[in-house]
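Just so it is clear: chains get the letters A, B, ... in the order the sequence lines come, proteins before strands, and each one is counted from 1.
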Amino acid sequence: MRWTHALIPTLRETPAEAEIISHQLLLRAGLIRKLTGGLYIFLPLGLRALRKVEQIVREEMDRAGALEVLMPALQPPEIWKQSGRYETAQDVLFKVADHAKKEWVLGPTHEEVITTLVAGEISSHRQVPRNFYQIQTKFRDEIRPRFGLMRAKEFIMKDAYSFDATDEAAQASYQKMYEAYQRIFARCGLKAVPVEADTGVMGGKFSHEFMVPAETGENEVAYCDHSDYAANVEKAISQLPALPASGEEASLTPEKFATPGVATIESLAKAPYSVAPERQIKTLVYLVEGKLVLALLRGDHQLNETKLAAVLGTATFRPAEPAEILEAMGAHPGSLGAVQFDKLPVYADVALRGVTGMTTGANQDGFHYRHVAIERDIKVTRWVEIRTVKAGEACPRCGHPLKIQRAIEVGHVFKLGIKYSQALNAMFLDENGKKTPLVMGCYGIGVTRTMQAIIEQSHDKDGIIWPVSTAPYTVCLTPLNVAGASPTLKLAEQLYQELTAKGVDVILDDRDERPGVKFKDSELIGFPIRIGIGEKSLAKGEVEIKPRAGALLAVKTADAVAKVMELIAAGKS
RNA sequence: CGGAGCGUAGCUCAGCUUGGCUAGAGCACUUGGUUUGGGACCAAGACGUCGCAGGUUCAAAUCCUGUCGCUCCGACCA
């Protein structure tokens, strides 16, 4: 490609709309342009980088034995009603109407479609395992699109779906995808770590997310440096030392005492009460599918709503309003407690199991109870794990302190089970002639998000630093004089031919621009290798080879191609 | 959906508080010239429904109301 034939609208200044560095660089390097919020145009260079990421994904999926298909983005709502997700996913589902006012949905994923296909085409245990994937535009009515390609209304996803006869076989399919994902992100030059993740309301046994550590990520990961434990904080657990004995006489029973104006853990922790937060029981009230429930936590712990959703088996809940709480409990938030309270179900966090000498609200404004022993004084409906881990708590595997790091989710692998195959009747006959639902897994990679994550993780003050594997062009030839039949341009064209013949993606910056402009643009876009051809070095029979992230090399003209091939090979390993 | 901010040239922004002559700057763009190894300089030029609609006023980019869009925080997020 000749630069003068391309469209590469680099920007010297940062557009006001971009907040995070990768988004700024996507715009400044002329890779994308915004059409409107959450919708982007891929310009030629951006598309080339995207295609390279896609191709890596495709090669590794093929290598793992998955079969590429292409499914419609436009889907009938009936199959969504059949799976139940017409309701549960309604917040993200785009819906459109045709000329006859019939409703359609734009697919946020394709479990329903692929399961419908498989229900019709696979009927024998001899036809499994099978794994189908596609790379396709997905639509999600995101409440708040942001950060460019990171969270958009429309984005490109690789989605794969495995079908197996048994749970064990499904496990093997899952493992294959897990390994393929590690290869994919490694080839993209990304540090992406698999972490245990919540399975959400989809059910299923377990899942892993592939996370790119980045301060701008929308997720938090708890991990341990000493073991291989890593989990999304929505899922993470830790070892917690038991509370030291309270030192109270076991015979002490709950005693009500006045606490005027005290409505927070912190204020009860101060004089004159001086009740340490860990010796308090926090009482939260949630409205779950129209019914109130209590959630109990130690005073120094935070509720984890994702875990609560998993425990409740529904995502349809919210904190109760003060008025709802007053009506049900007879007190305002800040004075709530579950002592001798049996009107509502009580879900207590396991960190509270067996604790004694606790203080909690008395369900009467301005009063608390002390000397509370939870198992004696509170009727716990269920003991559950609903606490959010904090940095510094002990790793569940090895006991070393956990760290917490923000991260970008670029992929997930998910063991689905039989939820969709049952709902959409994807059954097969096993060896005994018995009709059985297929066991499914699903596996996603945000392709556009992955492209941006590469930039977020690999840049410097001058611009993007593309790995060879995903760069829009691998080599940028930069003749410093392009006038007429200048020897620099001539040599550039010769090198262009030679490198292209060897299969290298080359762009030739044949613009009549000052060297500084060319260097800056080349570094902003982040081509892995720049070859500078100027009259000074040419007089010595040399060209300058500048790896984007390395030092400048003076190389004899005759050795230039070999040197470039060597650098590319090193970059690919 | 709640809170906050912003909409003026392709981009970055000034002007708005306190209404008033022809709406400005830098970058980018066009033409000519000088330059030519790290985002050049000089000269001339082109580019604007001041987001949109309504209102107040002799007069609105500026004040008021509504509306649309964008950004951030929160809520939300398979």
> Going through the checks in order, is the side chain to side chain contact (heavy atoms under 4.5 Å, CB included) test met by A:Met61 and A:Ile135?
Replying inline: CA-CA 11 Å; A:Met61 294 308 289; A:Ile135 296 171; over 6 Å; no
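Nucleotides B:A60 and B:U65 place their C1' atoms 15 Å apart, quoted to the nearest Å. Comparing the C1' positions of B:C70 and B:C52 gives a spacing of 15 Å, expressed to the nearest Å.
For A:Glu535 against B:G37, no side-chain N or O and base N or O form a donor-acceptor pair under 3.5 Å. Between the base of B:A78 and the side chain of A:Arg85 there is a donor-acceptor pair shorter than 3.5 Å. Side-chain atoms of A:Glu13 and base atoms of B:G26 include a donor and an acceptor less than 3.5 Å apart. Between the side chain of A:Arg146 and the base of B:G74, no donor-acceptor pair of N or O atoms lies under 3.5 Å.
Residue A:Arg144 places none of its side-chain N or O atoms closer than 4.0 Å to OP1 or OP2 of B:A75. Residue A:Arg33 places none of its side-chain N or O atoms closer than 4.0 Å to OP1 or OP2 of B:G10.
Residue A:Thr36 is the one, among A:Asp91 and A:Thr36, whose nearest nucleotide of RNA chain B lies closer to the 5' end (criterion: closest heavy atom).
Remark: A:Lys95 is positioned above the aromatic ring of A:Tyr86, its terminal NZ or CZ atom under 6.0 angstrom from the ring centre and at most 45 degrees off the axis.
Base-pair partner of B:A78: not found among the strands shown (Watson-Crick or G-U wobble, both distances under 3.5 Å).
Within a heavy-atom distance below 4.0 Å of RNA chain B, the residues of residues 543-552 of chain A found are A:Glu544.
With rounding to whole Å, A:Arg514 atom CZ is found 4 Å from B:A40 atom C1'.
You'll find that the side chain of A:Lys536 is closest to B:G37, out of B:U71, B:G37, B:U35.
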